[in-house]
Colleague: 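The structure is given below, and queries will be raised subsequently.
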There are 2 protein chains.
Amino acid sequence: MSDIARLAGVSTATVSRALNDSPLVTAETRARVKELARSLNYTINVGAKNLRLRRNKTVAVVVPYDSASRQSVSDPFFLSMLGSLADALTEHGYDMLLSRVDARQLDAAAQFIDTGRAMGVILIGQWRHHDQLNQMAARNLPIVIWGALLPQQLYCTIGCDNIAGGALATEHLIACGRRQIAFLGDTKLPEVHLRLEGYQRALARNNIRFNKRLCVSAPFLAEGARNAIRELQQRNIEFDAVFACSDLLAMTVVSTLQKAGRRVPEDVAVVGYDDIEMASHAHPPLTTVRQPIEAGGRALVAALLEFLEGGRPQPKTLATELIVRQSTPPVLSDNHDFTGARLAQ
Amino acid sequence: MSDIARLAGVSTATVSRALNDSPLVTAETRARVKELARSLNYTINVGAKNLRLRRNKTVAVVVPYDSASRQSVSDPFFLSMLGSLADALTEHGYDMLLSRVDARQLDAAAQFIDTGRAMGVILIGQWRHHDQLNQMAARNLPIVIWGALLPQQLYCTIGCDNIAGGALATEHLIACGRRQIAFLGDTKLPEVHLRLEGYQRALARNNIRFNKRLCVSAPFLAEGARNAIRELQQRNIEFDAVFACSDLLAMTVVSTLQKAGRRVPEDVAVVGYDDIEMASHAHPPLTTVRQPIEAGGRALVAALLEFLEGGRPQPKTLATELIVRQSTPPVLSDNHDFTGARLAQ
DNA sequence: CTGAAAGCGCTAACAA
DNA sequence: TTGTTAGCGCTTTCAG
């Protein structure tokens with residue numbers, strides 16, 4: 001910068017002002033300085049600027065990392081979310097620092113703020129560490145989380161209505177005439193737990209008894225799905241439908257079933273979750289519960305920015321939507337009352 | 001930091017040394033300082049440190065963004081690459097700044113280095129801007145690129161052997177007895193262009209005439225595949241196999257064909273490219289050319305680090321591998337000579 | 001409108 | 001072993 005100043009015959013202060021479009025500088029000087037800067041391929045050093053300004057247009061996006069399963073990175077859902085966040089942040093002139101932390105120590109995310117590397121943190125998924133997150137929130141750190149709304153939660157979450165999502169999927173399967181609906185998902189995760197609750201509520205509404213044996217804990221991984229289905233079959237538990245808590249899981253379920261000679265949707269109807277791009281290209285195309293990723297990313301960024309401006313963003317729950325494709329059979333009747341009656345007890 | 005210094009009864013220099021595990025400081029003092037820092041929840045300010053050290057453990061990962069198609073973000077291949085890069089960078093203690101730039105102005109990536117935001121840049125995909133990239137390389141900027149090795153290239157690329165990959169896929173289809181092999185991909189992209197060359201070489205080796213009408217330009221997008229297949233059918237161009245330049249494309253091709261009543265692989269054999277996780281869960285599981293993403297990410301990071309240490313990394317070409325699954329029929333014979341003869345002419 | 005000077009939080013000579 | 005001091009590249013009062 002001092003080079004530019006010398007060449008332009010002004011002080012560094014003026015160069016700084018010119019480059020930042022300060023109105024305190026003559027249009028003429030500004031033009032000269034800017035021209036000089038361009039010709040020298042000079043740009044303001046962001047690090048120094050940030051140090052001086054004591055702020056920093058960067059947010060850290062943290063993806064929890066399960067050291068055992070590595071789930072987080074392979075799931076297209078997370079990755080789409082990243083894309084959506086990158087867009088939203090860029091739109092607001094923020095840089096995005098991407099990082100992964102061990103899911104057992106989510107509070108490591110606070111480091112980004114403590115060290116001044118980022119102004120705030122967006123955490124994708126709350127995992128099982130409600131407590132750690134609450135502690136960070138108690139420190140009043142600017143952090144927002146993609147996840148479920150939990151009781152006694154001090155931090156700000158943005159997420160989909162998982163109860164409604166679970167219910168939506170289950171109601172649809174019931175409407176298709178299925179009664180023995182298996183539930184697949186890692187219920188230790190808050191979001192999945194709520195989907196299970198939605199599942200149970202839907203069953204109750206339709207007077208179907210909840211059968212615990214139909215609930216199989218499966219991590220998001222592909223092998224999880226295969227094992228789960230195998231477990232059901234080995235235990236001779238009959239099922240005519242599966243509600244899987246991610247599309248990846250659902251697609252593996254479908255192919256496992258097909259390999260075992262069961263037809264989808266004729267023998268077993270399958271509903272997934274997320275509506276990743278691949279879902280519509282699956283065979284058969286997957287009926288699934290869509291999570292609005294684009295809106296989610298935007299909402300996360302909006303909430304964080306509100307935080308950074310001194311506000312206190314409220315948790316927000318986005319609506320989910322059932323996308324009906326061919327992995328479930330046609331519903332038995334359009335008349336919902338009639339269907340409900342027919343299926344009741 | 002000065003707070004810590006005061007409380008510990010030492011100077012800031014000593015605090016700095018203690019926190020950086022300098023051997024110049026007593027173990028006792030170090031312990032005291034560190035303890036104090038922890039209790040105060042203090043961490044060194046990375047921005048200031050970087051400014052002083054005039055270095056900066058951050059690399060920018062830049063994903064070109066086609067303003068028209070938005071291809072880059074939705075393709076799982078790119079996203080897996082991101083995961084792999086995040087891992088490799090973290091391993092080396094680097095932060096990863098993720099950003100997207102308009103594919104028409106790849107040179108915007110240089111900004112990250114000019115402004116000191118990052119020490120180097122990893123660019124995912126060279127697109128059609130060989131020239132811009134060469135200009136950056138001429139400035140001797142630390143930047144490495146995932147892409148194809150092109151003639152007269154000044155910059156360092158890491159990528160797979162696309163000619164071999166294209167040939168691998170095509171040879172396999174020929175070995176399966178197919179002769180009318182459609183090629184789908186956006187040949188304006190260097191990588192795809194080389195795959196086409198591999199395809200042509202394989203045809204030539206087997207004395208099959210290259211039919212230009214079987215080559216359909218399709219962007220990586222899903223609609224691209226549908227349109228391409230429709231185009232072939234409308235023009236009454238017969239084909240008994242498709243080589244698609246991404247798995248996403250291939251999976252859409254499969255489902256489009258199935259909808260049109262053609263069986264895969266019986267009527268049409270299909271080979272994809274990338275071997276994304278989903279490929280093995282597709283129906284039928286996709287035969288595809290695997291790109292070693294994990295190794296690729298690692299190689300990109302290694303090359304960039306070499307650059308940063310003053311070296312001049314050489315371009316590197318990684319091997320591809322054919323993964324045979326069920327979207328192609330069994331090969332006609334294990335005896336390759338025989339097969340070749342049978343297919344010749 | 002412009003310049004001089006101070007200082008953001010840190011590290012590394014150099015001196016003690 | 002520790003402290004003093006200077007300065008990384010920038011912005012911004014405060015004077016002129």
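Values below: every heavy atom of this structure, side chains too, minus hydrogens, waters and symmetry copies. Chain letters run A, B, ... following the sequence lines, proteins first, then strands; residues in each count from 1.
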Colleague: Decide, yes or no, whether a salt bridge links Arg32(A) with Glu35(A) under the criterion of side-chain N to carboxylate O below 4.0 Å.
Modeller: no
Colleague: Under a 4.0 Å N-O cut-off, is there an ion pair linking Asp95(A) with Arg117(B)?
Modeller: yes
Colleague: Is there a side-chain polar atom (N or O) of Arg52(A) under 4.0 Å from OP1 or OP2 of dG7(C)?
Modeller: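 Checking Arg52(A) against dG7(C): no side-chain N or O falls below 4.0 Å of OP1 or OP2.
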Colleague: Starting at atom CG of Asn56(A), determine the distance to atom P of dC10(D), rounded to an integer number of angstrom.
Modeller: 16 Å
Colleague: Kindly calculate the angle separating the two end axes of the helix from dC1(C)-dG16(D) to dA16(C)-dT1(D), each obtained from five base pairs, and round it to 10 degrees.
Modeller: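 End axes: 40° apart.
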Colleague: Return the value, rounded to whole Å, for the distance between atom CG of Leu19(B) and atom C1' of dT2(D).
Modeller: 16 Å
Colleague: Can we say Asp114(A) and Arg139(A) salt-bridge, meaning some charged N sits less than 4.0 Å from an Asp/Glu carboxylate O?
Modeller: yes
Colleague: Using a cut-off of strictly less than 4.0 Å between a heavy atom of the residue and any atom of DNA chain C, enumerate the qualifying residues of residues 28-44 of chain B by number.
Modeller: Tyr42(B), Ile44(B)
Colleague: Quick check on DNA chain D: between Ser11(B) and Arg54(B), whose nearest nucleotide comes earlier from the 5' end?
Modeller: Ser11(B)
Colleague: So, is Asn50(A) close to the dC10(D) phosphate, meaning a side-chain N or O under 4.0 Å from OP1 or OP2?
Modeller: no
Colleague: Students often mix this up, so state it plainly: with edges at 30° and 60°, are the rings of Trp146(B) and Phe77(B) parallel, tilted or perpendicular?
Modeller: tilted
Colleague: Could you check how far CG of Leu53(B) sits from P of dG7(D), rounded to whole Å?
Modeller: 17 Å
Colleague: Looking at Arg298(A) and Glu91(A), does any basic side-chain N land under 4.0 Å from a carboxylate oxygen?
Modeller: yes
Colleague: Do Arg17(B) side-chain and dG3(D) base share a donor-acceptor contact under 3.5 Å?
Modeller: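 Answer is yes: a donor-acceptor pair is held.
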Colleague: Compare side-chain N and O positions of Thr14(B) against OP1 and OP2 of dT1(D) and report whether any pair is under 4.0 Å apart.
Modeller: no
Colleague: Would you say a side-chain N or O of Asn45(B) is under 4.0 Å from OP1 or OP2 of dC8(C)?
Modeller: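 So the side chain of Asn45(B) is outside the cut-off, no N or O lying under 4.0 Å from OP1 or OP2 of dC8(C).
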Colleague: Output the rounded distance in Å from CG (Leu51(A)) to P (dC10(C)).
Modeller: 9 Å
Colleague: dT11(C), dT11(D), dT12(D): which one has an atom nearest the side-chain heavy atoms of Asn20(A)?
Modeller: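 Closest nucleotide to the Asn20(A) side chain: dT11(D).
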Colleague: Using atom NZ of Lys49(A) as one end and atom C1' of dG7(C) as the other, report the distance to the nearest whole Å.
Modeller: 17 Å
